[in-house]
Asks: 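The structure under discussion is supplied below as C-alpha cells; questions concerning it will follow.
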Amino acid sequence: MLLPHLFADLIQQATRTAQKKGDLPTFALPEVTVTRPRHTDQGDLSTALPLQIIRAVNEARKEKGDSPLSPVQVGEMIARRLPGHPALGRAEVAKPGFINLRLHSGWVAAQAGAIARQGADYFRLDLGRGQRVQVEFVSANPTGPLHFGSARNAAIGDTLARLHEHNGFQVQREYYINDRGAQTDIFAETLWRRYQQLHGVAVEIPADGYPGAYMIDYARRIQADHGAALLALSDAEAIPRCRSLGLGLVTAELADDLARMRVFFDHWFSEQSLYEDGTFDHVSALLRDQEDLYVKDGAVWFRASKYLPKSDRDEVFIRANGEPGYYASDIAYHYNKFILRGFDRVIDVWAVDHQNQAARMPAMLKALGIDPDRLAIPLYDLVTLRRGGVEVRLSKRSGDIITLREVVAEVGADAARFLLLSHSNEARIDFDLDLAVAQNAENPVYYVQYAHARVASILRKAAAEGLELSDADTDLLAHPAELALLQKMLELPEVVSEAIARLAPHALPHYALELARIFTKFYDACRVLSDDPADQALTQARLTLVQATKTCLAYVLDLIGVDAPQSM
RNA sequence: GCCCCCGUAGCUCAGCGGCUAGAGCGACUGCCUUCUAAGCAGUAUGUCGCAGGUUCGAAUCCUGCCGGGGGUGCCA
C-alpha cells in the first residue's frame, strides 16, 4: 500500500474515533487525502482534513448550541486519536489547520534492510492483478526510415509498457503496420521506378512519390537479392511485388532502428490482415445489423453521432471510391484487439495531430459493445529538432530527413530516452541537436548513471575487502543524509503509481535525478567503508543502505530503459 | 469560426488545490593525500502571459483576453 494511502486510512480511523468518542460531531467524512508537503518542516506526509471539515464540524456544533472550534483544535482532536502503526512517527498540527505526520525514523531505517533483501520487488505494485494490457505505439507508416519524432513515441510507449509489466499487468507491445491504402501504393510505385532506374530504364518516380535517397537503397537491396529479374514484369505485376518486398525491407529496418533505442515489439500487426481474415467483413455486417451504417454522397457512413450525444458528426466508413477509410480499419482493428484477442485494456500512443481521431474512438467502441474506458490514448506533442539554431524538418516526404537512427547514434540511446521522457506528454520538445551533443557530459542522464556507478564501485570495493551484506543493525542509520536517501526511495511507488494512472512517464527521469542527487549528498557526507574496526556495525548498515540505493536506482533506470552502468 | 495543448528563473523544463514556487544547464565564490571531482558546499535570479471569478487556501479550478503550436468529415 502506498504510504499516503496508509496514512490517509490512519487519519480516517482517527477522525471516526474522535466522532465516536464525542470529540467531534458525526457527519459524512470527505475522502481523506494525504500529500507530500514541499517543505521538510511540514512533515513527511500531510493532510488538510481539518480545514476541509471545519465548516461541517461547526455547523453541527451550532445546532447543538456548542461554540465553534478552530481548524487547529479539530486537528488536535484527530491527531490525539491516531492509532499506532510502526511506520507512523510524530504527528503535529500546524497553523491554519494541517496535520503533519512524520514517518518513524527507525521504521524508515529498517526499510533499507527490506529493500536490500527483496530487491526491486520491494517497489513493485500489483496494480494490474494480472490484467492483459496492450500498448500499441510508434506505428509509423512503413514507407521509409523512422524520423526523430517517432523516437518520442517509442520512448513513451516502451516506458508505459515497462511500467505496466513491472506492476502487475501482462503486457504486449504492438506495432500497427499501415500496409494498405494510398501511401503504400505510392511507396510501391516509387520503389518500382527506382528499381527500373537502377537498370537504366528511363522512368520517373511519381510526382507525389517518395523522393528520399533511402528509396534508392531499398531498390538496390531488391536488386542485390533479385538481380534484374523483376524487369520482365509489367507495372501491374511489379508494383504489388515491390510493395511486398519493400514492406519487408522497411519493417526489418524499423525493428532495427527501434532496437537501437532498446525498444522491442512482441507483435507486428498488419492492417491488410483485417481485410484478409474476414474481420472487416464481420464488423461491417455487425454495424449494418445495428443500423449504424448509411449511404450518403456515394459513401457509406458510420453513425457515430448515435453514440456521442454531444456530437452530430458521423464518420466515413467506406469512401465513394469504394475503399474503406482509416476509421473503418480502426474499427476492425479495435474489434480485433478487444473482442478477438481479449485485451482487458489497450493503450494507443498517438501524436497530438491525431487529437480529433482520438476523440472519435469512444463512438466505435460503444457501437462494438466495448466499454470506452478500456481504451486509453495518451497524446504527446511533437518534437522540433534544431541544428545550429535552424529547424530541421523531419518530414518524411521531403527527401532530406533526420532519422531516429542518426540521432540515437549521435546522442546515444540513454540520453535520447532520458531527454524525450523528461517532458510532459503535452509539452512540445524543442531542442538543438548541436547543443545536446555539446552538453553531452553535463546531461542529467550521466549524473544519474554516475551515481549508480559510484554505488556499484562501493559495493565492489566492499566485496574485494571481504565484506558481505548481512543482517545489519539499521537503527544505526540515523544521519539526516541517510534518512533523506531512504525517504526518497520510499516515494518511488507513488511516482510509479501516478505515472501509470496518468499514462505520463515524465516524472520518472525527474525522480531519478532527485534520487541520484540525494545519494550523492549522502556519499559526500557519510563515509561507507572504514579501516577502523570500531566502525564495523555502521559500515554494515551503510552497505545495506547502498545496496538498497543500487536496487532503487537500477529499477528506475530500467523503467525508463536507460542503462545502469557498473562503472564509468 | 469552432475544438485541443502550451505560456513558470538567462536557457530547457518539472510542479497542476494546500502552509515559505523547484530541478538541470548557464553565472559567481570556495573545495581533489580519504569509497569514481562526470563530484560537493555556498551565492544570485521569478508581477508563475494578462484581467476577473470560485475557495479557508489558486502557478494549479472556472470565464474572458493576449501570444505560440496543433486539429477541424471520404489522408493516416
Side-chain angles (χ1 to χ4, degrees), chain A residues 33 35 37-39 41-43 46-48 50-52 54-55 71 94-98 100 139-141 176 178 181-183 271 296-302 304 313-330 350-360 379-382 384 419 422-432 435-436 438-451 453-462 464-465 502 506-507 509-511 513-514 517 520-521 523-531 539 542-543 546 567-568:
Chain A
T33 55
T35 58
R38 248 200 284 261
H39 301 277
D41 58 353
Q42 294 164 2
S46 172
T47 181
L51 290 164
Q52 289 159 344
I54 188 66
R55 179 174 296 174
K95 7 175 185 173
F98 295 95
N100 296 333
S139 298
N141 275 348
Y176 181 52
N178 295 107
Q183 293 308 315
E271 178 187 6
K296 188 181 88 179
D297 301 334
V300 177
W301 293 71
F302 166 68
R313 178 176 154 154
D314 293 332
E315 303 297 332
V316 170
F317 189 73
I318 295 175
R319 295 189 268 155
N321 67 5
E323 287 292 318
Y326 63 85
Y327 194 81
S329 287
D330 277 349
W350 290 355
V352 272
D353 53 346
H354 291 67
Q355 57 184 256
N356 282 301
Q357 191 185 346
R360 292 178 219 141
L379 299 171
Y380 64 92
D381 212 316
L382 306 173
T384 311
L419 174 75
S422 292
H423 301 68
S424 63
N425 293 341
E426 302 79 27
R428 195 179 2 147
I429 300 183
D430 181 68
F431 77 94
D432 193 308
L435 211 60
Q439 291 179 349
N440 214 352
E442 299 300 330
N443 193 311
V445 70
Y446 298 112
Y447 181 89
V448 178
Q449 292 184 313
Y450 188 62
R454 276 180 157 171
V455 165
S457 173
I458 294 173
L459 294 173
R460 226 176 7 247
K461 192 152 180 169
E465 290 176 10
R502 293 170 58 181
H506 67 279
H510 289 275
Y511 173 85
L513 194 58
E514 288 165 15
R517 170 160 285 282
T520 308
K521 281 175 196 273
Y523 177 87
D524 193 59
C526 302
R527 174 90 199 169
V528 177
L529 302 175
S530 171
D531 297 332
T539 292
R542 286 183 171 165
L543 274 176
V546 169
S567 64
M568 284 176 80

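Just so it is clear: chains get the letters A, B, ... in the order the sequence lines come, proteins before strands, and each one is counted from 1.
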Asks: In whole Å, measure the gap between the C1' atoms of B:C5 and B:C13 for me.
Replies: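 These two C1' atoms come out 16 Å apart once rounded.
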Asks: To the nearest Å, give me how far apart NZ (A:Lys95) and C1' (B:C19) are.
Replies: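 Taking NZ of A:Lys95 and C1' of B:C19, I get 5 Å after rounding.
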Asks: How many angstroms lie between NZ in A:Lys296 and CH2 in A:Trp301, if you round to the nearest 0.5 Å?
Replies: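 Going from the NZ atom of A:Lys296 to the CH2 atom of A:Trp301 covers 4.5 Å.
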Asks: Identify which nucleotide among B:A76, B:C19, B:C56 has an atom closest to any side-chain atom of A:His354, counting heavy atoms from C-beta outward.
Replies: B:A76
Asks: Would you say that more than 12 heavy atoms from the other residues, nucleotides or ligands in this model lie under 6.0 Å from the CG of A:Asn321, or not?
Replies: yes
Asks: Nearest-nucleotide wise, let me know which of A:Pro444 and A:Thr35 is further upstream toward the 5' end of RNA chain B.
Replies: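 Between the two, 5'-proximity favours A:Thr35.
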Asks: Look up atom CG in A:Asp381 and atom NE2 in A:His423, then write down how far apart they are to the nearest 0.5 Å.
Replies: 11.5 Å
Asks: If we require ring centres under 5.5 Å and near-parallel planes under 30°, does A:His423 stack on B:C13?
Replies: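 One would not call A:His423 stacked on the B:C13 base.
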Asks: What's the shortest heavy-atom distance between A:Leu382 and A:Ala351, and which atoms?
Replies: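 For A:Leu382 and A:Ala351, the tightest heavy-atom pair comes out as CD2-CB, 4.0 Å.
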Asks: Determine the contact category for A:Gln449: base if any of its heavy atoms lies under 4.0 Å from a base atom, sugar-phosphate if only primed atoms, P, OP1 or OP2 are that close, otherwise nothing.
Replies: nothing
Asks: From the set B:A38, B:A14, B:G24, return the single nucleotide nearest to any side-chain atom of A:Met568.
Replies: B:A38
Asks: Looking only at side-chain atoms of A:Gln357, point me to the closest of B:C19, B:G39, B:A76.
Replies: B:A76
Asks: Give the nucleotide from the list B:A38, B:C56, B:G24 with an atom nearest to the side chain of A:Leu51.
Replies: B:C56
Asks: Could you check A:Leu419 against A:Ala94 and say which one's nearest nucleotide on RNA chain B is further toward the 5' end?
Replies: A:Leu419
Asks: May I ask you to verify if any side-chain N or O of A:Arg517 is less than 4.0 angstrom from the OP1 or OP2 atom of B:G24?
Replies: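 Result: yes.
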Asks: Applying salt bridge (Lys or Arg N to Asp or Glu O under 4.0 Å), can you list everything that pairs with A:Asp430, at least two apart in sequence or on another chain?
Replies: A:Arg386
Asks: Is a donor-acceptor pair below 3.5 Å formed from side chain A:Ser46 to base B:C19, judging by atom type as modelled?
Replies: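 Checked by distance alone, the answer is yes.
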Asks: When the P atoms of B:G7 and B:G15 are considered, how many whole Å apart are they?
Replies: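 My reading of the P atoms in B:G7 and B:G15 gives 10 Å.
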Asks: I want to verify a distance call: between B:A59, B:U20, B:A23, whose nearest atom is closest to the A:Asp41 side chain?
Replies: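 It is B:U20.
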Asks: Whole Å only: how far is the CG atom of A:Asn443 from the P atom of B:C25?
Replies: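 It is 10 Å, rounded to the nearest whole Å.
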Asks: Strictly below 4.0 Å: does A:Lys521 bring a side-chain N or O up to OP1 or OP2 of B:A41?
Replies: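 The answer is yes; a side-chain N or O of A:Lys521 sits under 4.0 Å from OP1 or OP2.
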Asks: Rounding to a whole Å, what distance do you find between A:Tyr446:OH and B:G39:C1'?
Replies: 17 Å
Asks: Quick one: look up who B:U20 pairs with, Watson-Crick or G-U, both distances under 3.5 Å, and put none if it's unpaired.
Replies: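 The answer is none; no pair meets the criterion.
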Asks: Pick out the pairs of N or O atoms, protein on one side and nucleotides 1-9 of chain B on the other, that lie under 3.5 Å.
Replies:
{"residue": "B:C5", "atom": "O2'", "partner": "A:Glu426", "partner atom": "O", "Å": "2.9"}

Asks: Starting at atom CD1 of A:Ile54, determine the distance to atom P of B:C56, rounded to an integer number of angstrom.
Replies: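 Rounding to the nearest Å, CD1 of A:Ile54 and P of B:C56 are 12 Å apart.
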Asks: So what's B:G7 paired with, Watson-Crick or G-U wobble, going by both distances under 3.5 Å?
Replies: B:C66
Asks: Tell me which nucleotide among B:G73, B:A38, B:G15 gets nearest to the side chain of A:Trp301.
Replies: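 Of B:G73, B:A38, B:G15, B:G73 is nearest to the side chain of A:Trp301.
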Asks: Got more than 12 heavy atoms from elsewhere within 6.0 Å of CZ, A:Arg55?
Replies: no
Asks: Can you tell me, in whole Å, how much space there is between the P of B:G68 and that of B:A59?
Replies: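 Their P atoms lie roughly 26 Å apart.
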Asks: Is the shortest side-chain heavy-atom distance between A:Arg542 and A:Ile458 below 4.5 Å?
Replies: no
Asks: Does A:Arg38 place a side-chain N or O at less than 4.0 Å from the phosphate oxygens OP1/OP2 of B:U20?
Replies: no
Asks: Is there a Watson-Crick or G-U wobble partner for B:A44 with both distances under 3.5 Å, and which nucleotide is it?
Replies: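 Per the H-bond distance test, none.
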Asks: List the atom of A:Thr539, the atom of A:Val528, and the distance in Å for their closest heavy-atom pair.
Replies: OG1-O, 3.1 Å
Asks: Could you please name the partner base of B:G1, counting Watson-Crick and G-U wobble pairs only when both distances are under 3.5 Å?
Replies: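 By the stated definition (distances under 3.5 Å), B:U72 pairs with B:G1.
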Asks: Rounded off to whole Å, could you give me the CG-to-C1' distance for the A:Asp330 and B:A76 pair?
Replies: 9 Å
Asks: Output the single nucleotide from B:C16, B:G39, B:C75 whose closest atom is nearest the side chain of A:Arg502.
Replies: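 My answer, after comparing the listed nucleotides, is B:C16.
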Asks: With the six-membered base ring of B:C75 as reference, does the ring of A:Tyr326 sit under 5.5 Å away with planes under 30° apart?
Replies: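 According to the criterion (under 5.5 Å, under 30°), no, A:Tyr326 does not stack.
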Asks: Please report the distance separating the P of B:A44 from the corresponding atom of B:C28, rounded so that it comes out in whole Å.
Replies: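 Roughly 16 Å separates the two P atoms.
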Asks: Rounding to an integer number of angstrom, what distance separates B:U8 and B:G22 when you compare their C1' atoms?
Replies: 10 Å
Asks: May I have the distance from A:Glu271 (atom CD) to B:C75 (atom C1'), rounded to whole angstrom?
Replies: 12 Å
Asks: Quick one: pull up CG in A:Leu543 and NZ in A:Lys461 and give me the separation to the nearest 0.5 Å.
Replies: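 Between atom CG of A:Leu543 and atom NZ of A:Lys461 there are 12.5 Å.
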Asks: Which whole number of Å gives the distance between the P atom of B:C16 and that of B:C2?
Replies: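 Their P atoms lie roughly 31 Å apart.
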Asks: Is the phosphate of B:G22 approached by A:His510 (side-chain N or O, under 4.0 Å from OP1 or OP2)?
Replies: no
Asks: Rounded to whole angstroms, how far apart are OH on A:Tyr523 and C1' on B:C31?
Replies: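 About 15 Å, once rounded to whole Å.
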Asks: Here's a test for you: under side chain to side chain contact (heavy atoms under 4.5 Å, CB included), which of A:Gln355, A:Glu426, A:Gln357 qualifies with A:Leu379?
Replies: A:Gln355
Asks: Nearest to the side chain of A:Leu513, which nucleotide is it out of B:G24, B:A76, B:A41?
Replies: B:G24
Asks: Base, sugar-phosphate, or nothing: which does A:Ser457 touch, judged by heavy atoms less than 4.0 Å apart?
Replies: base
Asks: Measure from CG on A:Asp531 to P on B:C35 and round the result to the nearest Å.
Replies: 11 Å
Asks: Measure the CZ-CG distance between A:Arg360 and A:Asp314 for me, rounded to the nearest 0.5 Å.
Replies: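 So the gap between those two atoms works out to 11.5 Å.
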Asks: Strictly by Watson-Crick or wobble contacts shorter than 3.5 Å, is anything paired with B:G26, and which nucleotide is it?
Replies: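 The answer is none; no pair meets the criterion.
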Asks: B:C35, B:G18, B:U20: which one has an atom nearest the side-chain heavy atoms of A:Ile458?
Replies: B:C35
Asks: Is A:His39 near enough to B:G18 that one of its side-chain N or O atoms lies under 4.0 angstrom from OP1 or OP2?
Replies: no
Asks: Could you walk me through whether A:Asp41 and A:Asn100 pass the side chain to side chain contact (heavy atoms under 4.5 Å, CB included) test, one step at a time?
Replies: CA-CA 9 Å; A:Asp41 58 353; A:Asn100 296 333; over 6 Å; no
Asks: If B:C35 has a Watson-Crick or G-U wobble mate with both distances under 3.5 Å, name it; if not, just say none.
Replies: none
Asks: Can you identify which nucleotide, out of B:A76, B:C75, B:G24, has its nearest atom closest to the A:Gln183 side chain?
Replies: B:C75
Asks: Please report the distance separating the C1' of B:G52 from the corresponding atom of B:A58, rounded so that it comes out in whole Å.
Replies: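 After rounding to an integer number of Å, I get 13 Å for this pair.
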Asks: Would you indicate what A:Asp314 reaches in the nucleic acid, counting non-hydrogen atoms under 4.0 angstrom: base, sugar-phosphate, or nothing?
Replies: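 Base contact - A:Asp314 has a heavy atom under 4.0 Å of at least one base atom.
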Asks: Using atom C1' in both nucleotides, what's the gap between B:U54 and B:G18 to the nearest angstrom?
Replies: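 After rounding to an integer number of Å, I get 16 Å for this pair.
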